[in-house]
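What you see below is based on every heavy atom in this structure, not just the backbone, and it leaves out hydrogens, waters and symmetry mates. Numbered from 1 within each chain, the chains take letters A, B, ... in sequence-line order.
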Protein chains: 2
Amino acid sequence: MAVTLQQIADKAGVSRGTVDRALKERGRINPEVAAKIRKIADEMGYQPNRAGRALAMAKHSIKIGIIIQSMETPFMQGVLEGAKDAKQEVERLGATVTIRKISELDSDKVIAAMHKMKGAGYNGIGLVASDEERLADTIDQFTEEGISVVTFNSDAAGTKRMCFIGQNAGQSGRTAAGLMAEILPDNAVVQVISGYASNQSHKERAEGFINELNQCRPDVKLLGIRYAYDNDRAAAEITQEVLKEHKELNGIYLAASGAKGVCQVIGEKGLKGSVKVISNDITDSNIESLKNGTIQFILGQDAYSQGYRPVMVLFDKLFDGKDPEEEYQYTEIVIKTKYNI
Amino acid sequence: MAVTLQQIADKAGVSRGTVDRALKERGRINPEVAAKIRKIADEMGYQPNRAGRALAMAKHSIKIGIIIQSMETPFMQGVLEGAKDAKQEVERLGATVTIRKISELDSDKVIAAMHKMKGAGYNGIGLVASDEERLADTIDQFTEEGISVVTFNSDAAGTKRMCFIGQNAGQSGRTAAGLMAEILPDNAVVQVISGYASNQSHKERAEGFINELNQCRPDVKLLGIRYAYDNDRAAAEITQEVLKEHKELNGIYLAASGAKGVCQVIGEKGLKGSVKVISNDITDSNIESLKNGTIQFILGQDAYSQGYRPVMVLFDKLFDGKDPEEEYQYTEIVIKTKYNI
DNA sequence: TTGAAAGCGCTAACAA
DNA sequence: TTGTTAGCGCTTTCAA
């Protein structure tokens, strides 16, 4: 049995309440007594019992809100799953977690949801951010009013949010480049297809890829970035155009969605395996293409963690007052082939 | 605030105790009343509060023992770290976790440790198994006496243990083959270096690798398996011999330890990058070779999970009576390059 | 500055 | 078969 407050109190010859005050440094206590108690607690290896704490705090319950955007993607479904598991876990300790789903990407709706939560007494909020200024202002305002905010998946850098949980997009691009470098023949030709020029993640991935590939395979010829707007039709058309102009094409890197379109064209032209494809995100259609050999590698984000950890970080903060160790909590960059999917 | 037993009791017009008996199906209760209570609990969406439960059970405390073998490897250090984190987590709920380290691989010592724990009243044990018959008998005996047993890292198949948590070795080998297939030139020559012919994991990895490579790259010439007994010196000598006989060697797959020796020879001969090396286990020296380009891919096991999950599986079983969903809980097969390490 | 006591949700022993 | 009650370890309020 672990050490309890009462045991420390007995040893120190004081009451439980005094020990609690000493250890929580709440003041209203004789400094000498406090020091002595802390020493005893230390010697006995006191570790507060979480169950007791949770129970005692049940009335001032912790309320956490999670605002998830653009639910339609399978990636976001993974995030949702992680968030739900975390919800269940902390609710069993008496907290309340509400997951608010917003279908589109819409900062105004996010801000509205945040205010609603504040009104309802929520003390922690996790959200998928964007770089809208009004959203940044709202985050800062909430933080100053004592509501803990974390961003996940997409950051609002420069704000007062506690931390960001998500992928290091540049590293993801560089990892893709490293893989491409291994599997390309000499003097290969490679096309990068991105999503939106304005999307920060897409941009960082593409830049990371290009910089790294230029560096470690200077013989490779990189064609200019094309944008498919996360659209399979557009990606398919781009692929056809590129293949028409560059019959010698050896590789395609997809920094965003659209792989389905690319794979379709490659399949039709019988180029499966000869044009190497590296794509992002572990989606059903990507997995299918990976298994049938059209895609060589998928670079994944750990969707589950990106939903799970924001809840946990907020809970630890609100329950224990424990700040996250890192401001940037990058999730694993996962490499998947047909064999380890 | 979540639904409590008292609220259900109020609604049903009975006492807390009765509700508890109804929901726990402990008998000694009027079946009709029980059914009614269960219905009400269902409607109200009752979720037992874990903190309350943990606190109430604090006297009949849960004692979990983890027996770890061959601590010298960095992989096992990772396992230990996971086990320690899990220990901390469940001890904060009132349980006790003891991690017993056994330096060598020695089934007798494991069995002795198990008996000691049984004597000390432990009700759950996690261990790194081997295929010794006496160990298997002990596991079955303990299980029948009501002590929950899980194996991790290395299994004791066919015993009554609750589940196994570890890597699917065959899949690891096949994944390596898939990577090798992508990066090898035509008509390449590949050497497989394993650890011990008698080691089940080593064997499954090597077989998985060979079968898959034969299948997807029939042009590749596979040299016979060599054994390095997890020894860097031996691996280095083997590498030298092989390179002497096969100047055209293109790839080496290490199914076990010894990569340090292999990389040293490859470095000395200036073959870095031209002889592709795929190795197992995320060790410091492997990481170094990965970063400097001598190793192309490391296949990792999720060491942390292999320490963390056994504790959690045992705790869930002993705390909630919840059996694990899967008998074989395979951990992720992780692909690491210099970019995502 | 300290102690005493109530109560958080649940279990289990005992009483009815 | 059911109700009652004493805790489990902790926080917090009130009284001293």
Side-chain angles (χ1 to χ4, degrees), chain A residues 1-38 41 44-62 90-96 318-321, chain B residues 1-38 40-41 44-63 90-96 318-321:
Chain A
M1 210 50 212
V3 184
T4 69
L5 278 189
Q6 186 62 64
Q7 290 172 26
I8 299 171
D10 290 346
K11 201 160 222 163
V14 296
S15 75
R16 262 188 6 249
T18 307
V19 176
D20 185 49
R21 278 189 290 270
L23 298 181
K24 295 292 144 51
E25 305 187 352
R26 273 197 255 282
R28 307 192 324 172
I29 189 174
N30 182 333
E32 288 171 32
V33 178
K36 180 179 150 202
I37 290 173
R38 275 199 293 274
M44 298 177 75
Y46 175 69
Q47 283 276 88
N49 180 313
R50 209 168 191 174
R53 181 143 218 278
L55 219 39
M57 301 202 336
K59 351 172 206 224
H60 328 275
S61 100
I62 289 172
V90 306
E91 288 199 333
R92 296 229 282 167
L93 288 170
T96 305
L318 298 170
F319 187 77
D320 288 323
Chain B
M1 209 50 213
V3 184
T4 69
L5 278 189
Q6 185 63 64
Q7 289 173 26
I8 299 172
D10 291 345
K11 201 160 222 163
V14 295
S15 75
R16 260 191 3 255
T18 307
V19 176
D20 186 46
R21 278 189 290 268
L23 298 182
K24 293 293 143 49
E25 305 186 352
R26 273 197 256 281
R28 306 192 326 171
I29 190 176
N30 182 333
E32 288 171 33
V33 178
K36 179 179 151 202
I37 291 173
R38 274 198 292 274
I40 293 177
M44 298 177 77
Y46 175 69
Q47 283 280 86
N49 181 314
R50 209 171 189 169
R53 180 144 217 277
L55 220 39
M57 302 203 335
K59 345 169 213 226
H60 325 273
S61 99
I62 289 172
K63 291 171 87 174
V90 306
E91 287 198 335
R92 295 228 284 168
L93 289 171
T96 305
L318 298 170
F319 188 76
D320 289 323

Within-4.5 Å side-chain heavy-atom neighbours: [X] and [Y]:
| X | Y | answer |
| --- | --- | --- |
| B/Ile62 | B/Val90 | no |
| B/Glu91 | A/Gln47 | no |
| A/Arg53 | B/Arg92 | no |

Task: Closest-nucleotide 5' rank along DNA chain D - winner of A/Gly52 and B/Arg16 - done: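 With B/Arg16 and A/Gly52 compared, the 5'-side residue is B/Arg16.
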
Task: First encountered from the 5' end of DNA chain D, between A/Pro48 and B/Val33 - done: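 Here B/Val33 is the residue nearer the 5' end.
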
Task: B/Met57 CE to B/Arg50 CZ distance, which is reported to the nearest 0.5 Å - done: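 Here the rounded value is 9.5 Å.
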
Open item on the list: Consider side-chain contact (heavy atoms from CB on, under 4.5 Å). Of B/Asn30, B/Ile8, B/Ile40, B/Ile37, which one does B/Val14 pass it with?
Closed with: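 Testing B/Val14 for a side-chain contact (heavy atoms from CB on, under 4.5 Å) against B/Asn30, B/Ile8, B/Ile40, B/Ile37 leaves exactly one candidate, B/Ile37.
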
TODO: Just call it for B/Arg50: base, sugar-phosphate, or nothing, with non-hydrogen atoms closer than 4.0 Å on any strand.
DONE: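 No contact at all - B/Arg50 keeps every heavy atom at 4.0 Å or more from the nucleic acid.
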
Task: Sugar-phosphate, base or nothing in reach of A/Asn30, heavy atoms under 4.0 Å - done: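 Sugar-phosphate: the residue A/Asn30, judged by heavy atoms under 4.0 Å, touches backbone atoms but no base.
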
TODO: Ignoring backbone atoms, establish whether B/Arg21 has a side-chain N or O less than 4.0 Å from OP1 or OP2 of D/dT2.
DONE: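 Answer no for this pair, as no side-chain N or O of B/Arg21 is under 4.0 Å from OP1 or OP2.
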
Open item on the list: Please determine whether a side-chain nitrogen or oxygen atom of A/Thr18 lies at a distance below 4.0 Å from atom OP1 or OP2 of C/dG3.
Closed with: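 Yes, within the criterion.
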
Atom [atom1] of [X] to atom [atom2] of [N]: distance rounded to whole Å?
| X | N | atom1 | atom2 | value |
| --- | --- | --- | --- | --- |
| B/Asp20 | C/dT11 | CG | P | 5 Å |
| A/Leu55 | D/dG7 | CG | P | 17 Å |
| B/Arg53 | D/dG9 | CZ | P | 16 Å |
| B/Glu25 | C/dT11 | CD | C1' | 17 Å |
| A/Lys24 | D/dT12 | NZ | P | 8 Å |
| A/Phe319 | C/dC8 | CZ | P | 17 Å |
| B/Gln7 | C/dC10 | CD | C1' | 14 Å |
| A/Asp10 | C/dT2 | CG | P | 17 Å |

Task: Listed nucleotide nearest any side-chain atom of B/Ile29, set D/dG7, D/dG9, D/dT2 - done: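 Of all the options, the side chain of B/Ile29 is nearest to D/dT2.
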
